Amino acid sequence: MEDGLMLDIQQLRNNLPEVQKRLAFRGYTLDVLAFEKLDSSRRRVQLETEELQAKRNALARQIGQLKAKGEDVSYSMAEVGGLAERLDALEIELKDIQKQMQDFMLTVPNLPHESVPAGCSEADNIEIRRVGEPRIFEFAVQDHVFLGEGLSQIDFASSAKLSGSRFVVLKSQIAKLHRALAQFMLDIHTAEHGYTELYVPYLVNSDSMRGTGQLPKFAEDLFFAPEDNLYLIPTAEVPVTNMLRDEIIPQDLLPLKYVAHTPCFRREAGAAGRDTRGMIRQHQFDKVELVQFVHPEQSYEALEELLKNAESILQRLELPYRVMALCTGDMGFSAAKTYDIEVWLPAQGAYREISSCSNFESFQARRMQARLRNSRGKPELLHTLNGSALAVGRTLVAILENYQNEDGSISIPAVLYRYMGGLKKITQV
RNA sequence: GGAGAGGUGCCGGAGUGGUCGAACGGGCUUGACUCGAAAUCAAGUGUACGGUUACCUGUACCGUGGGUUCGAAUCCCACCCUCUCCGCCA
């Protein structure tokens, strides 16, 4: 009758104080009173509506039987007629309450997993590990913009002319390196980590955006084509995860592991003035995304695996990085637990996010009605996870900066030689 | 984009106003037969939400959304999708 909600509404009914407490950890105040009020009126109206519907159905059946026997139906007709007005009103009221309840539930974020550190901002995130030593440069390091423009292979003047700010034109060997990175990542995940490659639509409908939680809350972050009622995907998570929307799959098919390379489109509406220089924050960027559908009991193991899969790309590229466990206050709306991977950018002298790996538990699955058939033969919500592995544009930036040479050329990581036709260094062309 | 056909349960496929949550066939599950299997026979086999939560029971759902009716899978309207032919095109 109504779309899947986000948190389990039963859990709210039965355990409201507990839910409120856990949401408070991530800085969300659950309006308990509003919920209770809404739910009690829902109960009252739903009961009365269904009672009247049952009565109407019984009378309608009776009329059919009487007519078949050629008997008089005027009494039953009159009786059912008396129900109509009240029933109409109730059905409208019920629909309205259900809409309100859904709107309410859609704005409630996921419950953080117990292992998530408490905190209210980025500053409270916890560093899990650091891998690789930042290189010590014997010359003044340059950022990727300086390097790329110096090599005449990154062209912001052209992209600004074509599209405006937060876009880029890549040329020649840097364009090829960008392509090489995506190929390399796909090859590793399919050949070594057991993911199935998918090619997916970059434009999706609003049901899909709702399924993964981009809508209704984050509409202002999306590019939208109103003529066709389609949205440009902000991540491959959207089309890939929605593959299982409204599906019930046999549990022995799990886990399902997919990888997709897509462009991602984001309006970056809330990011005015941030990272305006260079390729760090763009309206369009490429990403290789991992998505897993798993049995609920396996989702935290799967999260560790997915994280390792993403890390392995950085290790093979020999880029220094660290893994952060996001605190309750810094996690995304839909996540129960999130690790960020941050890569070292020498020109910024800082670690910057290059991947985000999350377990959504049943949060997305409930919205999408993505289920497995359990050993008792009953449908049960499955768990979804995803993570970037990696953001291609930011990986490119990391390589340009970490592999720069004093003469402005860029060495190429050894694992990419074969993707670059044997080229070992990017130079002026 | 134009013309036509069609969208029903896990699959195939009936159903054109009442007793249809849906015939029939297949599949699947369980039981019987069997040393076991096949074949055969019998029973069962949708989802969501709600009430009670042991059993049980109510409502809704036959592409989606509206409408007509006491009553709609069945009639009307709009939209979406699929197939065939034509046109166009990477």
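Here is how names work: the chains are called A, B, and so on, in the same order as the sequence lines, proteins then strands, and each is numbered from 1. Quantities reported herein were computed from a predicted structural model and do not represent experimental measurements.
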*Check the angle between the aromatic planes of F35(A) and F104(A) and answer parallel, tilted or perpendicular using the 30° and 60° thresholds.*
tilted
Anything under 3.5 Å between a donor and an acceptor, one on a side chain of residues 283-294 of chain A, the other on a protein residue two or more places apart or in another chain? List them.
unit_1	atom_1	unit_2	atom_2	d
H283(A)	ND1	R266(A)	O	2.7
H283(A)	ND1	R267(A)	O	3.4
D286(A)	OD2	H261(A)	NE2	2.8
K287(A)	NZ	T235(A)	OG1	2.8
K287(A)	NZ	E289(A)	OE1	2.6
Q292(A)	NE2	Y195(A)	OH	2.9
Q292(A)	NE2	E305(A)	OE2	3.0

*Quick one: is R13(A) getting a side-chain N or O under 4.0 Å of the G50(B) phosphate, OP1 or OP2?*
yes
_Of the listed nucleotides (U59(B), U47(B), G71(B)), which one gets closest to any side-chain atom of A60(A)?_
G71(B)
*Any Lys/Arg nitrogen of K99(A) or D96(A) sitting under 4.0 Å from an Asp/Glu carboxylate oxygen of the other?*
no
*Out of U47(B), C70(B), G66(B), which nucleotide sits closest to the side chain of V80(A)?*
C70(B)
*State the dot-bracket string of RNA chain B. Criteria: Watson-Crick or G-U wobble, both atom distances under 3.5 angstrom; notation: ( ) intrastrand, [ ] crossing earlier pairs, | interstrand, . unpaired.*
((((((((.[[[..)..(.....]]]((((((.......))))))((((((....)))))).[[[[[..)....]]]]])))))))....
_Please report the distance separating the P of U8(B) from the corresponding atom of A23(B), rounded so that it comes out in whole Å._
16 Å
_Tell me whether the side-chain N/O atoms of R373(A) come closer than 4.0 Å to OP1 or OP2 in U29(B)._
no
*Base, sugar-phosphate, or nothing for I63(A), non-hydrogen atoms under 4.0 angstrom?*
base
I'd like a table of donor-acceptor pairs (distance under 3.5 Å, sequence neighbours excluded) in which one partner is a side-chain atom from residues 144-152 of chain A, with atom names and distances.
unit_1	atom_1	unit_2	atom_2	d
H144(A)	ND1	E401(A)	OE2	3.1
H144(A)	NE2	M279(A)	N	2.8
S152(A)	OG	Q428(A)	NE2	3.0

*Any idea which of U47(B), C70(B), C49(B) is nearest the K67(A) side chain?*
C70(B)
*Base, sugar-phosphate, or nothing for Q10(A), non-hydrogen atoms under 4.0 angstrom?*
sugar-phosphate
